[in-house]
Amino acid sequence: MNSVFYNSNGIVNFSAQPSSVLPRSITSCKTARDLKQLHAVFIKTGQIQDPLTAAEVIRFCAFSSQRNIDYARSVFHQMPEPNCFCWNTILRVLAESNNEHHQSEALMLFRGMLCDGRVKPNRFTFPSVLKACARASRLREGKQVHGLIVKFGFDGDEFVISNLVRMYVMCALMEDAYSLFCKSVVDFDGSCQMEVDKRRQDGNVVLWNIMIDGHVRLGDFRSARNLFDEMPQRSVVSWNVMISGYAQNGHFIEAINMFQEMQISNIDPNYVTLVSVLPAISRIGALELGKWIHLYAGKNKIEIDDVLGSALVDMYSKCGSIEKALQVFERLPQRNAITWNAIISAFAMHGSAEDAINYFHLMEKAGVTPNDVAYIGILSACSHAGLVEEGRSFFSHMVKVVGLQPRIEHYGCMVDLLGRAGRLEEAEALIKNMPMAPDDVIWKALLGACKMHKNIEMGERVAEILMELAPHDSGSYVALSNMYASLGNWEAVAGVRMKMKGMDIRKDPGCSWVEIHGIIHEFLVEDDSHPRAKEIQAMLEEMSTKLRLNGYRPNTLEVFLNADEEHKARALQYHSEKIAVAFGLISTAPQYPLKIVKNLRICEDCHASLKLISLIYKRRIIVRDRKRFHHFDHGSCSCMDYW
DNA sequence: GTAGGGTTAG
């Protein structure tokens, strides 16, 4: 007969079992199969009646890598008399799940626990219950739980309080959160005068972090920053909350500044810091900083798993290095749907439709089902490469075979795909038949196609709609004006300009960034504010001369002004990306590829010029515009002039 | 047994 006994940690050991067949304890279970075998033995021996054993089983199914909440729940419900520890375990499992139904279930279960009455909740019960309320934004229940906490006398427990504050913060009730916060901070500070109680101090920082997080969630960065500056001490989490808050709300420069200040303050970035700051680096295109992060992870033994890996793949891709993106991707020990989406989107952005399609199929082969985002990636790849039939086939496969509901982003790709291939009527028909209202992005895609194919009739119509939909967006005015200009209709151009002036709409200034030796340099149109402006100017003149000698003629069609040709040619010379290239050429050695990030789309003239410049100066130039990458090399561009 | 994270049409 098998004997069962416990070690000092309450972990069950099966020393009499042949180790090749059965795991010796729950902690040595590697797979769900191991656990099921062990569980079967527990049932057979009746040992499952022991609450500690049952709780260990629940914990394993809930928190190990073999996450199986259904299994945990069934073990729990089979217990005739679960003790408080078991209740706490199942409540925590449900509360921390990402599935919203589980949070509701946790609350129902907690209600059951109270009604049952055999077990009283303890101080470990409430954090989970509060977490469930917070995650599901269930304020009404949250307030009831607050009442119970007072009734049971746990309103002095730091874990309970921090979860209570967090619950109010997540329900956007900052006043309630503040009243608890202020009370606790005063209490804690009072007791800390006598003796520095480390745990209390930590608890204090946690509360500050939660409050900062609350302001960040509400988009109130000023209050968040004030608290951050005021707090008596900051933990790595305090920095992470600020960095991720900035990064997720489009304040990329602030996120990066915070990250750099963090290092000045001698706080070591951790895994979450890296994952939080990487998207900001991607958006700015700060490759050197991105590389530093990658190295830092390696040096500090921070594991590059699927999550950090996805962020790195995206960073390298958005910073212009598709080769490094692929290298990181290939070396990852595990890849999930997001990792695959990141590499597929990377190929799409860089114009390698073939690779995007290959990796899409590799993803399927690896047993990862492509989700809606994967289809956005693949459709955008088809659109950038002009693969109309392939795009159509992916779209219909997604709808008819996979049964995914297309989102507006999918329609956006299709409108772009059809429009740019010159099938303007089909694109317009698709917009009319979409199940949702078209947004400005959809109309902009069609307007771009009208401009490309010089369909002024449709262009005017679409621009009209856009001006109504997004009246303060300069894009539609500029596109319409450019369209008239390309037809030489200067009167109509003047009309659009008048309208813009009347509504005080200004064209977004073109802006380019180039990172040279780790420092980001920003250039605006006609920018002469750089310390090396004189040398840049001389370089621009030289470029201009060499371009002309190589047969280049300025393409002034897209110049916004109705000015004489010479003036327009000069305006073109000072587009921000050209200034950035000039600066790059004088600042770096020939083998150094220039990587430029531009806020708007690259214009046709700059595109033609950069192709020639890559030939004349034997320089690889990679430009990331608002939409995609252009790799200029040996006189041609990776987009094959289709963008 | 407290806080924090990656991909997405133009």
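The chains referred to below are lettered A, B, ... by the order of the sequence lines, with proteins before strands, and numbering in each begins at 1.
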*Asks:* Contact class for A:L308 (heavy atom, under 4.0 Å): base, sugar-phosphate, or nothing?
*Replies:*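 No contact at all - A:L308 keeps every heavy atom at 4.0 Å or more from the nucleic acid.
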*Asks:* I'd like to know if A:Y271 reaches the base of B:dG5 with its side chain such that a donor and an acceptor end up less than 3.5 angstrom apart.
*Replies:*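 Between B:dG5 and A:Y271, which were checked side chain against base, a qualifying N/O pair under 3.5 Å is present.
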*Asks:* Report which part of the nucleic acid A:S235 touches: base, sugar-phosphate, or nothing (heavy-atom distance under 4.0 Å, all strands).
*Replies:*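 Contact class for A:S235: base.
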*Asks:* Going by side chain to side chain contact (heavy atoms under 4.5 Å, CB included), name the residues that satisfy it together with A:N270, two or more places apart in sequence or in a different chain.
*Replies:*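 With sequence neighbours excluded, A:N270 shows a side chain to side chain contact (heavy atoms under 4.5 Å, CB included) to A:V236, A:N240, A:V272, A:T273, given in chain and number order.
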*Asks:* Taking the six-membered ring for Trp, are A:W208 and A:F228 ring centroids under 6.0 Å apart?
*Replies:*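 Here the rings of A:F228 and A:W208 have centres that are no less than 6.0 Å from each other.
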*Asks:* Measuring from the side chain of A:D314 (C-beta onward, heavy atoms only), which nucleotide among B:dT2, B:dT7, B:dA9 has the closest atom?
*Replies:*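 Closest nucleotide among those given: B:dT7.
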*Asks:* Pull out every residue in residues 461-475 of chain A that has a heavy atom closer than 4.0 Å to any atom of DNA chain B, ordered by number, or say none.
*Replies:*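 Under 4.0 Å from DNA chain B: no residue of residues 461-475 of chain A.
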*Asks:* Please tell me if A:Q248 has a side-chain N or O lying less than 4.0 Å from either OP1 or OP2 of B:dG6.
*Replies:*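 For A:Q248, the contact criterion (side-chain N or O under 4.0 Å from OP1 or OP2 of B:dG6) is met.
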*Asks:* Could you check whether A:R217 gets within reach of a base, just the sugar-phosphate, or nothing at all, counting any heavy atom under 4.0 Å?
*Replies:*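 Here A:R217 touches the backbone only, sparing every base.
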*Asks:* In terms of side-chain heavy atoms of A:D439, which of B:dT7, B:dA3, B:dA9 is nearest?
*Replies:*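 Of the candidates, B:dA9 comes closest.
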*Asks:* Under the rule for side chain to side chain contact (heavy atoms under 4.5 Å, CB included), what residues qualify as partners of A:D213, not counting sequence neighbours?
*Replies:*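 Listed in chain order: A:R166, A:R217, A:V241.
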*Asks:* What is the distance, rounded to the nearest whole Å, between atom CG of A:N204 and atom C1' of B:dA3?
*Replies:*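 Computing the A:N204:CG to B:dA3:C1' distance gives 13 Å.
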*Asks:* Between B:dG4 atom P and A:M258 atom CE, what is the distance in whole Å?
*Replies:*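 Answer to the nearest Å: 17 Å.
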*Asks:* Any base atoms under 4.0 Å from A:D372, or only sugar-phosphate, or nothing? Heavy atoms, all strands.
*Replies:*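 Counting heavy atoms under 4.0 Å across all strands, no contact is made by A:D372.
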*Asks:* How many Å lie between CZ on A:F126 and C1' on B:dG1, as a whole number?
*Replies:*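 From A:F126 CZ to B:dG1 C1': 15 Å.
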*Asks:* Identify, with sequence neighbours excluded, every residue that meets side chain to side chain contact (heavy atoms under 4.5 Å, CB included) alongside A:H453.
*Replies:*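 If we apply the side chain to side chain contact (heavy atoms under 4.5 Å, CB included) test to A:H453, skipping adjacent residues, the hits are A:L424.
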*Asks:* Please tell me if A:R420 has a side-chain N or O lying less than 4.0 Å from either OP1 or OP2 of B:dA9.
*Replies:*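 No, because none of the side-chain N or O atoms of A:R420 sits under 4.0 Å from OP1 or OP2 of B:dA9.
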*Asks:* Would you please confirm or rule out a distance under 4.0 Å between OP1 or OP2 of B:dA9 and any side-chain N or O of A:K444?
*Replies:*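 For B:dA9, neither OP1 nor OP2 has a side-chain N or O of A:K444 closer than 4.0 Å.
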*Asks:* What about the rings of A:Y375 and A:F360, do their centers lie closer together than 6.0 Å?
*Replies:*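 Here the rings of A:F360 and A:Y375 have centres that are less than 6.0 Å from each other.
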*Asks:* For residues 433-447 of chain A, which side-chain donor-acceptor pairs fall under 3.5 Å, sequence neighbours excluded?
*Replies:*
residue : atom : partner : partner atom : Å
A:N433  : ND2  : A:A429  : O            : 3.1
A:D439  : OD1  : A:V441  : N            : 3.3
A:D439  : OD1  : A:I442  : N            : 3.0
A:K444  : NZ   : A:D473  : OD2          : 2.7

*Asks:* I want to verify a distance call: between B:dG1, B:dA9, B:dA3, whose nearest atom is closest to the A:S380 side chain?
*Replies:*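 Of B:dG1, B:dA9, B:dA3, B:dA9 is nearest to the side chain of A:S380.
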*Asks:* Using a cut-off of less than 4.0 Å, is there contact between a side-chain N or O of A:K318 and OP1 or OP2 of B:dT8?
*Replies:*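 Yes, within the criterion.
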*Asks:* Taking atom P of B:dG6 as reference, at what distance in whole Å does atom CD of A:E303 sit?
*Replies:*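 Distance, rounded to whole Å: 17 Å.
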*Asks:* Give a yes or no on whether the ring-centroid distance for A:F329 and A:W340 is below 6.0 angstrom.
*Replies:*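 When the ring centroids of A:F329 and A:W340 are compared, they turn out to be within the sub-6.0 Å range.
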*Asks:* Calculate the interatomic distance between A:I212 atom CD1 and B:dG4 atom C1'; express it in whole Å.
*Replies:*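 Those two atoms, CD1 and C1', are 12 Å apart.
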*Asks:* For a salt bridge (charged side-chain N to carboxylate O under 4.0 Å, His left out) check, start with the C-alpha distance between A:D625 and A:R601, then their side-chain angles and the critical distance, and finish with the verdict.
*Replies:* CA-CA 5 Å; A:D625 74 7; A:R601 300 232 54 199; 3.0 Å; yes
*Asks:* Measure from CG on A:N240 to P on B:dG4 and round the result to the nearest Å.
*Replies:*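 Taking CG of A:N240 and P of B:dG4, I get 10 Å after rounding.
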*Asks:* Expressed in angstrom and rounded to an integer, what is the separation of A:M170 atom CE from B:dT2 atom P?
*Replies:*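 The distance from CE of A:M170 to P of B:dT2 comes to 16 Å, rounded to the nearest Å.
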*Asks:* Side chain of A:R407, base of B:dT8: donor and acceptor closer than 3.5 Å?
*Replies:*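 Yes, a donor-acceptor pair under 3.5 Å.
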*Asks:* Of the listed nucleotides (B:dA3, B:dG6, B:dA9), which one gets closest to any side-chain atom of A:C413?
*Replies:*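 The closest nucleotide is B:dA9.
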*Asks:* Give the rounded distance in Å between these two atoms: CD of A:Q405 and P of B:dA9.
*Replies:*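 For the pair A:Q405 CD and B:dA9 P, the rounded distance is 19 Å.
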*Asks:* Taking any heavy-atom pair under 4.0 Å as a contact, classify A:N209: base, sugar-phosphate, or nothing.
*Replies:*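 Base, at least one base atom sits under 4.0 Å.
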*Asks:* Under 4.0 Å, heavy atoms only, any strand: does A:N122 hit a base, just the sugar-phosphate, or nothing?
*Replies:*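 No contact at all - A:N122 keeps every heavy atom at 4.0 Å or more from the nucleic acid.
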*Asks:* Strictly by salt bridge (Lys or Arg N to Asp or Glu O under 4.0 Å), give each pair with a member in residues 238-248 of chain A just once, sequence neighbours left out.
*Replies:*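 Residue pairs with at least one partner in residues 238-248 of chain A: there are none.
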*Asks:* For A:N371, answer base if it contacts any base atom (sugar-phosphate contacts may also be present), sugar-phosphate if it contacts only those atoms, and nothing otherwise; contact means non-hydrogen atoms under 4.0 Å.
*Replies:*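 Nothing, no nucleic acid heavy atom in range.
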